[in-house]
Amino acid sequence: MKILNSASVAAASEDATAQLPHPQASTATASTTTISSLFSSDEDAADDGRLDHDNVWEYFSEAHVKRMNKIAEDENKRLNLNLGMPVDLTVFTRRDVAASGVVQKVLRPPIRMLLRLLDRLLAFIESPVFHVWGNCVPLRLRQKVTFLAWGLYLPIHKALIGRKTGLHRDVSLECHALTSVIWWGRLFPVTIKRMRFSLSQLHVWHPPEQYPQWTLAEKYRETHDILNKPRNGNRHGIRGHLYEVHHRMKQKRTPTGIRDSTEDVSVEEMVVTGQYVQHSSQPSQKVIFWIFGGAFLGGDSKGNLGIAEKMGMICANREEHNRSDDGMRDVFIPDYRLVPEHHLDDAIHDIALAYEYLIYERHIRPDDIILVGVSSGGGLVVLLLQALARAKREFEEKNAVTGHDEWDYSSSSCAVPMPAGGVMMGPFVDYTDPKGSMKEYIKHDLIVNQSVYDEGIPYLEKVLGSHENRVKASPVFGSFEGLPPLCVCVSQHEVVFDQAMLLAKRAKEQGVDVTVGVWKYMCHIFPLLCPFLPEGQESFDFMCDWIRRR
């Protein structure tokens with residue numbers, strides 16, 4: 001397994017099979033430590049990762065959980081929590097945090113009442129505000145207003161606060177400023193409505209002027225009409241052409257959960273919807289299959305348009321003497337049903353059907369498809385790959401002596417082939433009771449904070465049920481046999497760190513080619529904010545480089 005950081009990407013591009021050294025990083029944001037040392041203490045590293053079907057339950061032993069919690073607690077102690085303030089303000093808002101001292105006990109009731117009134121006021125006005133901002137204000141205006149506000153705020157923060165509010169002084173000034181803005185959300189309830197609205201606005205942070213600006217060499221302009229003016233891209237805030245997909249599939253081939261075949265689903269469940277971005281006048285050979293995230297509770301395809309298109313463009317193979325657009329990949333962002341209105345099985349079904357749509361309707365070769373998943377989308381990447389691998393094994397067992405060509409994907413009798421690989425950005429892959437980083441890092445994670453935790457975890461329990469069912473539903477505890485190459489991009493200080501490391505270790509032990517990029521003091525949404533954050537751009541480029549080599 002190669003563990004790369006942004007400084008190692010260039011070397012890896014020249015020799016993807018080179019074995020890179022693993023010294024402790026000298027910078028504050030990037031890390032090249034081994035997975036074992038990142039995941040647990042050295043003496044326990046070997047045992048923590050070897051979890052097969054027989055001893056996976058040892059992972060949930062009381063001793064192991066305590067050890068994970070202690071590691072995360074100790075790491076929290078060395079971080080700059082609560083914006084550097086001496087008092088954790090959640091003591092005034094949360095009943096499960098005890099007030100200490102006379103001052104806290106006196107101030108707690110009025111502050112709590114004030115925040116409750118503010119929350120009710122927000123609940124009263126949020127529906128019309130969300131509607132006007134999201135549906136009535138043009139996208140390009142929203143983008144310009146957002147960047148104007150950020151451009152005004154950043155120098156003010158630099159002058160008045162500087163590097164005092166982030167998790168560490170060594171992170172960028174932009175990271176300190178963003179922390180100062182987002183941190184306050186933990187003092188208010190994060191309802192599903194608020195979560196979904198926030199995630200729907202991701203596209204606002206990626207206007208076309210933030211994309212790569214390339215021009216064609218003169219000798220190609222006459223023969224290749226590549227970067228022609230998009231027919232509808234400007235209207236949707238992108239540079240390419242947008243196709244809104246709404247296609248009814250005739251057949252479902254990939255067994256997923258309770259819906260194993262076409263007979264098990266309704267007519268409505270056979271419809272694939274989403275956004276397909278085409279960069280050039282002709283469809284690209286290679287395609288990125290982008291699965292948005294949101295803890296299965298939020299997210300949508302339109303909100304991910306900007307960042308997904310940007311990845312497809314940056315993945316261009318811009319070598320000397322080649323066209324500047326060579327290798328740009330079209331992007332497909334499917335929709336899938338969300339919890340709590342639907343079940344996790346519904347999301348897996350929708351993603352599998354969308355993958356089949358690319359192969360059988362758009363006729364994209366499977367080995368030209370790369371899956372990219374963000375947060376819970378990373379979990380869906382693994383669940384889809386595991387479903388494909390499981391179906392392939394069953395197909396081979398039943399047809400060991402037949403002459404079926406498995407890669408003749410026009411045949412309905414064959415297993416659906418694997419894609420070229422999967423990229424996971426801060427993957428959410430363990431749906432059991434939170435432990436370790438998932439339990440302790442909500443104290444500083446900018447996205448999955450205590451308020452999000454309070455809203456989301458009960459829904460997982462409600463949807464998945466017992467602990468045994470949650471273990472079976474969690475892709476990190478499934479089989480990785482037969483999976484294609486994987487790339488995991490994660491921060492050492494985000495809530496999903498422990499489970500991302502466990503995912504990488506288990507996949508490696510079962511023979512999967514795994515590449516891991518680890519950064520410090522980030523959260524998994526940072527790559528989605530890369531126009532604002534240098535750390536986000538580094539991790540985003542890391543993933544694009546991995547895709548470019550496939």
Side-chain angles (χ1 to χ4, degrees), residues 35 39-40 44 47-69 71-72 255-260 293 295-297 339-340 342-349 351-352 373 375-391 393 422 424 426-442 448 453 456-483 486 488 490 495-510 512 514:
I35 280 186
F39 182 75
S40 64
D44 300 316
D47 294 333
D48 288 343
R50 295 184 174 88
L51 302 175
D52 55 31
H53 294 292
D54 296 326
N55 65 8
V56 69
W57 298 104
E58 296 177 7
Y59 177 75
F60 303 101
S61 67
E62 184 179 355
H64 180 73
V65 171
K66 284 184 177 179
R67 186 164 59 247
M68 292 180 66
N69 293 344
I71 294 172
T256 53
I258 59 177
R259 294 166 175 79
D260 286 346
F296 302 110
L297 295 167
V339 172
H342 304 282
H343 194 274
L344 180 61
D345 279 335
D346 295 318
I348 303 170
H349 164 86
I351 291 300
S375 186
S376 55
L380 288 172
V381 166
V382 184
L383 287 169
L384 173 59
L385 294 176
Q386 289 172 336
L388 294 173
R390 186 166 54 248
R393 289 193 296 269
M424 287 154 286
F428 178 35
V429 290
D430 180 0
Y431 311 142
T432 60
D433 291 335
K435 62 191 72 65
S437 63
M438 190 69 182
K439 178 177 182 291
E440 298 298 328
Y441 287 178
I442 57 174
V448 188
Y453 179 96
I457 295 300
Y459 279 117
L460 277 179
E461 296 173 351
K462 180 179 179 181
V463 170
L464 297 177
S466 67
H467 174 73
E468 290 75 12
N469 288 341
R470 294 168 71 184
V471 172
K472 293 177 182 178
S474 301
V476 71
F477 302 118
S479 172
F480 291 86
E481 180 184 351
L483 265 63
L486 300 176
V488 178
V490 68
V495 292
V496 298
F497 173 67
D498 282 351
Q499 53 189 271
M501 291 296 99
L502 180 61
L503 169 73
K505 291 177 68 177
R506 298 205 70 215
K508 175 185 178 293
E509 290 163 0
Q510 296 180 44
V512 179
V514 184

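Closest of all the heavy-atom pairs between A500 and V490 is CB-CG2, 3.8 Å. Here the closest non-hydrogen pair linking L483 and A389 is CD1-CB, 3.9 Å. Closest approach of L297 to G456, counting heavy atoms only: CD1-CA, 3.6 Å. Of all the heavy atoms in T432 and S474, the pair that sits closest is N-OG, 4.0 Å. Residues T256 and A387 approach most closely at CG2-CB, 4.1 Å, considering heavy atoms. Nearest heavy-atom pair across L344 and A473 is CD2-CB, 4.2 Å.
Contact annotation: the side chain of L503 approaches that of M424 to within less than 4.5 Å [non-hydrogen atoms, C-beta and beyond]. The closest side-chain heavy-atom distance from L385 to L486 is below 4.5 Å. Side chains of V514 and K505 form no contact here, defined as non-hydrogen atoms less than 4.5 Å apart. Between Y59 and D430, the closest side-chain pair of non-hydrogen atoms falls below 4.5 Å.
Judged by distance alone, the side chain of S375 and the main-chain N or O of P427 form no donor-acceptor pair under 3.5 Å. Using a distance-only test at 3.5 Å, with no hydrogens or angles considered, a donor-acceptor pair links the side chain of H343 to the main chain of V463. Proximity of a side-chain donor or acceptor of S376 to a complementary backbone N or O of A295 within less than 3.5 Å is detected. Looking only at distances, a side-chain donor or acceptor of Q386 sits under 3.5 Å from a matching main-chain atom of S479. Distance alone, capped at 3.5 Å, is enough to place a donor-acceptor pair between the N69 side chain and the G436 backbone. Although no hydrogens or angles enter the test, the distance criterion places no donor-acceptor pair under 3.5 Å between the side chain of R470 and the main chain of L464. Looking at R506, its side chain never comes within 3.5 Å of a backbone N or O of F480 through a donor-acceptor pair. Not a single donor-acceptor pair under 3.5 Å links the side chain of S437 to the backbone N or O of A72.
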Working for side chain to side chain contact (heavy atoms under 4.5 Å, CB included), residues F428 and V495: CA-CA 9 Å; F428 178 35; V495 292; over 6 Å; no

Apply side chain to side chain contact (heavy atoms under 4.5 Å, CB included) to residues V382 and V476 and explain how you reach the verdict. CA-CA 8 Å; V382 184; V476 71; over 6 Å; no

Are L380 and I348 close enough, and set up right, to give a side chain to side chain contact (heavy atoms under 4.5 Å, CB included), and what steps lead you there? CA-CA 7 Å; L380 288 172; I348 303 170; 3.9 Å; yes

Side chain to side chain contact (heavy atoms under 4.5 Å, CB included) for V471 and Y431? Distances and angles first, verdict last. CA-CA 7 Å; V471 172; Y431 311 142; over 6 Å; no

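Considering OH of Y453 and CE of M438, their distance stands at 7.5 Å, rounded to 0.5 Å. Separation of atoms CE (M68) and CD (Q499) is listed at 8.5 Å; rounding is to 0.5 Å.
With sequence neighbours excluded, the residues forming a salt bridge (charged side-chain N to carboxylate O under 4.0 Å, His left out) with K66 are E62, listed by chain and number. Looking at residues two or more places apart in sequence or on another chain, you find a side chain to side chain donor-acceptor pair (under 3.5 Å) between S466 and N469.
With hydrogens and angles left out, the side-chain atoms of R67 and H64 include a donor and acceptor closer than 3.5 Å.
Aromatic pair F477/F60: centroids less than 6.0 angstrom apart.
K439 and D433 are not joined by a salt bridge, as no carboxylate oxygen comes within less than 4.0 angstrom of a charged side-chain nitrogen. With salt bridges taken as basic N to acidic carboxylate O contacts below 4.0 Å, none links K435 and D498.
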